[in-house]
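Following: one structure in structure tokens, then a few remarks.
Order of appearance sets the numbers: ligands from 1, and atoms from 1 within every ligand.
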Amino acid sequence: MATTHFSNVDWIVAWDEARRRHVYLRGGDLVFSGTDITFVGKGYDGAADTVVDGAGLCLIPGLVDIHAHPASEPYYRGIREDHSVRAHYMTGLYERSCAYSIDPDCLKYGAEVSYADLLLSGVTSLVDITFPYPGWIDVMARSGLRMFAAPGFNTSRWYRDNPHELKFIEDVAKGKRDFAAALALIDEVHAHPSGRLSGIVSPVQVENNTAEMLIESRAAARERGIPWTLHASQSVVEFNIMVQRHGVSPIQYLDRLGVLGKGTILGHAMLIDESSWVRWHTRTDIALLGDSQTAVAHCPTPFMRYGTVMEHFGRYREAGVVMGIGTDTFPHNLIEDMRSTAILARVASHDGHAVSTSDVFHAGTVGGATALMRDDLGRLAVGAKADLAVVDLTHPLMMPVRDPLAGLIHTAADRAIRDVYVDGRRVVKDSKVLTLDRQGAAEHLAEGQARMEAGVPDRDFAGRSSLEISPLTLEMSQLNGPA
Ligand SMILES: [Zn+2]
């Protein structure tokens, strides 16, 4: 087993198990052997195959992204940034999902691009929620990331025939077939020789699954000792549908079914009973999540584009909710999502102390690891996996180096991530991904997007074009000569 020794490192974000928090260690050493960290502290005097001079470096734990759709989201670049539907309380999710469809053969390119972007921002563990597509396992294995594959299934799907209503086409038999296929895929990835792939049971949306399917799939996750994830309380539309069907909020409904608790990860549990966007008469959702130690995958980016914020991240934490962070859409940059999480919580609470930089770094590392039921991830400690990112403190955006995490999260972000290791293997070197063809995959995106957009008029209930649904940022020039 090869041993790597980072020697006399300027700054290490080390894990203090006794205090259950990250701490700064100055002038320390970090050593890993094979896939595991074997030393964090001062004065390592053992042997090593590789010694790295730690001057000008900060070592941080690899980031843990607990909610993403990497294969499909890159195809919405240029389409969804300004796309918001007022009649759906601002979310554009339902309009896009009904009107746009990506050729499954294109999805592997999207995944390759997103995985590369995530690695470059220091992510080492990734929850990938998707409907299975050709080539998925190959690109996961090749990426070098620690993957948590969440193959999706639903017993109904959305459709629209007018501008304001969301309707459903139920097909329980298909949902059951897809659930069985998802479990088979999860068992297949667990057996993968890399040891870096595992699975999560993932009914995709609360409103798109029968109670029986939610209960049965939760039980299947418990049997396997793996997490279970679901979109719930992600829109006012969904909240109102659940109230109409069951008389309670989506979270109260899940509590009633007995599916909350350790190992349950809700994306995004944001439009909850007390949210000012919802104003339901109860005030119990946050407590139900906290008391049951349910995890929330908070993904600020898609929502802030709609003008919506979580109200607010700090209160969930204080109630004991396991708070992790996800990227959900592009840019696949978890550092920027940590920054947005902190700032939006302060805006939502009118309180600059509501959420600290330390809080969001905890969520993007240990919080995500706890959600995934993995105490060997998201921390630099003996016995943890050798998943780490090397921050270049000599990058101008990191100077002056008074407080490296503040500099990384609020200023430099991915630009200061130099190297990334997963399972002790270097997968990013000098800000280049070694395992994936980022550029080559990106060159496939335009064709897939063009095909997707060509299909929009046939799929949209009003027969609109993609340009009508989502106009470009600027109008096209009418000039024929020099401007
Ligand atoms: Zn999602």
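- Here the N, O or S atom of D328 that is nearest to the Zn ion (ligand 1) is OD1.
- Residue C299: no N/O/S atom is found under 2.8 Å from the Zn ion (ligand 1).
- Note: H231 and H69 meet the aromatic proximity criterion, with ring centroids under 6.0 Å apart.
- Using the six-membered ring where Trp is involved, H362 and W15 have ring planes that are tilted, between 30° and 60° apart.
- The aromatic rings of F153 and F179 sit tilted, their planes meeting at an angle between 30° and 60°.
- Taking the N/O/S atoms of H231 in turn, the shortest distance to the Zn ion (ligand 1) belongs to NE2.
- Centred on the Zn ion (ligand 1), the angle running from H69 (NE2) to H67 (NE2) is recorded as 100°, rounding to 10°.
- A salt bridge does not link E112 with K108: every distance from a Lys NZ or Arg NE/NH1/NH2 to an Asp or Glu carboxylate oxygen is 4.0 Å or more.
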